[in-house]
2 protein chains.
Amino acid sequence: VSKQVITVGRDVLAQTRIEAAVFRDEMTRRGTLLVNMISSPGAGKTALLAATARHWSTRQQGRRPQMAVLVGDLATDRDAQRLAPFVPVVQMTTGGACHLELPLVERALMALGDFKGEFLFIENVGNLVCPASHDLGEHLRVILLSTTEGDDKPGKYPKAFRTSHAMVISKLDLVPHVPFSIEAATDDAREIQPNLTVLPLCSLDGTGIDSWCDYLEAERRKLLARPECV
Amino acid sequence: VSKQVITVGRDVLAQTRIEAAVFRDEMTRRGTLLVNMISSPGAGKTALLAATARHWSTRQQGRRPQMAVLVGDLATDRDAQRLAPFVPVVQMTTGGACHLELPLVERALMALGDFKGEFLFIENVGNLVCPASHDLGEHLRVILLSTTEGDDKPGKYPKAFRTSHAMVISKLDLVPHVPFSIEAATDDAREIQPNLTVLPLCSLDGTGIDSWCDYLEAERRKLLARPECV
């Protein structure tokens, strides 16, 4: 049996927390709202980001917000290919790992160039468990729950819901065809996280996309209004 | 900084592999086919197991196969409650962990009592990543992909598909309402695992449940026909 000494100390986690806080502060200084999107595989993160880009890029009045996406997967660049027609995007592949960590996100941001737009989205690996335990320096954590997954999921995956600021209920168009109650899902999630903002929407037909974009813009205004942000 | 010596050797994984093999052999000796069910959250593992129980319990001709379920979740006993009206079931809660490991399964089986029926199902934690790396001593690994998740998932979560024997395509009733091609999903999965058995079905209306049950019974017959199984 080979032996190897591993030094285990409180420093490890503290260091990760510090690095996330530093990254968050840097984003705040730039005026960029950093959003970490978490969900099961296939809940519609990529479709929502495409719909968000379409919504802002076709805005008639006022400034059109600039956004970019750092998208994570175990393998393939399929999501980056889907998003590339709409927004600047960098694919991160974890090579099998079940969640994103900050160093990979930082490298991806460098690959994006000097992004100073209003909104930077991290599309995490499709996984309702592991990403919940990793702070990527985001200002907002958004969890997507699709109507086809069932309204009993929050209680079964509590950490992901407890650590999120908003819950998007996606695939609203399928409600007539599946056993799902928006009210039951909301109650179950707010049992865990009472302050959760709930945003039902459908990315394919555009229902609720305006409220989602309004929410993001309001959160960015709050960020800019903070005293430390000059 | 506190220090702690961790002995890292090949023994750790080898021991786990040995224990899984021993458990598999014990199941083989009992004539019980052990099936490990893996999928994203909400893909319909519990619904499929309920439909399987209904199918067998209402069989008119021949012996009705006996089945039991060990069901895994991070928290709550919701799935066990759903299954309890149909089959013997034990809920395993991981307390936040992202996959099941063999010792928990062995304890759950003990809680079930002296089960010697034909089919024992392990419903893993809803997660398309981490459960793929853990051998629970199963004879068959079955991955569920629901039509609402999209047909691009196999390539994005390759290990789960590569290590599976069969892919159930669930929620067939929703195909008219979602962008999903059974052919594309099958091609993508077989690119990774050419020997994959593909079984499209709908647990709610019963479509394909007979083929699924036939498949399981055929796999059990193969198991009993192996020379080491006396």
Side-chain angles (χ1 to χ4, degrees), chain A residues 1-12 39-44 46-47 73-79 81-82 93-94 96-99 125-130 132-133 145-160 171 173-174 176-180 188 192 204, chain B residues 1-12 39-44 46-47 73-79 81-82 93-94 96-99 125-130 132-133 145-160 171 173-174 176-180 188 192 204:
Chain A
V1 177
S2 65
K3 277 194 183 174
Q4 190 179 337
V5 175
I6 299 175
T7 303
V8 180
R10 273 163 296 178
D11 290 353
V12 181
S39 81
S40 302
T46 311
D73 273 301
L74 277 62
T76 82
D77 64 348
R78 290 175 184 180
D79 285 354
Q81 285 183 29
R82 280 175 65 190
T93 44
T94 67
C98 50
H99 62 273
V125 172
N127 183 337
L128 218 45
V129 188
C130 315
S133 300
L145 173 64
S146 64
T147 57
T148 58
E149 287 170 75
D151 50 31
D152 63 339
K153 292 301 166 292
K156 292 172 65 180
Y157 300 85
K159 189 170 188 181
K171 308 194 186 183
D173 58 323
L174 295 177
H177 310 290
V178 294
F180 185 92
D188 200 38
I192 298 163
L204 296 192
Chain B
V1 178
S2 66
K3 276 193 185 177
Q4 190 178 339
V5 175
I6 300 175
T7 303
V8 180
R10 273 163 294 175
D11 290 353
V12 181
S39 81
S40 302
T46 311
D73 274 300
L74 276 63
T76 83
D77 64 349
R78 290 176 184 178
D79 285 354
Q81 285 183 32
R82 279 175 65 190
T93 44
T94 67
C98 50
H99 63 272
V125 173
N127 182 338
L128 218 44
V129 188
C130 315
S133 300
L145 173 65
S146 64
T147 57
T148 58
E149 286 170 74
D151 51 31
D152 63 338
K153 291 301 165 290
K156 292 172 65 180
Y157 300 86
K159 189 170 188 181
K171 308 194 187 183
D173 58 323
L174 295 177
H177 310 292
V178 294
F180 185 91
D188 200 38
I192 297 162
L204 296 192

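Only this structure's heavy atoms are used, side chains among them; waters, hydrogens and symmetry mates stay out. So that the names make sense, note that chain A is the first sequence line, chain B the second, and so on, each numbered from 1.
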task: Below 4.5 Å from any heavy atom of chain B, which atoms of A:D152 appear? Answer side chain, backbone, both or neither.
output: both
- prompt: Do A:L145 and A:F180 come within less than 4.5 Å of each other through their side chains, counting heavy atoms only?
  reply: yes
task: Please state whether the side chain, the backbone, both or neither of A:K159 comes within less than 4.5 Å of a heavy atom of chain B.
output: neither
task: Name the option with the most non-hydrogen atom pairs under 4.5 Å to chain A; the candidates are B:G42, B:S40, B:P179, B:P41.
output: B:P41
field: A:A47 to A:R82 - nearest heavy-atom pair and separation
entry: N-NH2, 3.6 Å
query: Looking just at side-chain N and O atoms, do B:T93 and B:D73 make a donor-acceptor pair shorter than 3.5 Å?
result: no
query: Can you find a heavy atom in the side chain of B:D151 that is under 4.5 Å from one in the side chain of B:D188?
result: no
- line: Among A:S146, A:C130, A:G126, the residue with the most heavy-atom pairs under 4.5 Å to chain B is A:G126
- line: Most contact-rich option vs chain A, by heavy-atom pairs under 4.5 angstrom, among B:S133, B:G150, B:G155, is B:G155
statement: In terms of heavy-atom pairs under 4.5 Å with chain A, the winner among B:L128, B:V125, B:N127 is B:N127
message: With chain B as the partner, which of A:E149, A:K156, A:K153 has the greatest number of non-hydrogen pairs under 4.5 Å?
response: A:K156
- prompt: Any side-chain donor paired with an acceptor under 3.5 Å for A:K171 and B:T148?
  reply: no
message: Give me the atom names and distance for the closest heavy-atom approach of B:G96 to A:V129.
response: O-CG1, 3.7 Å
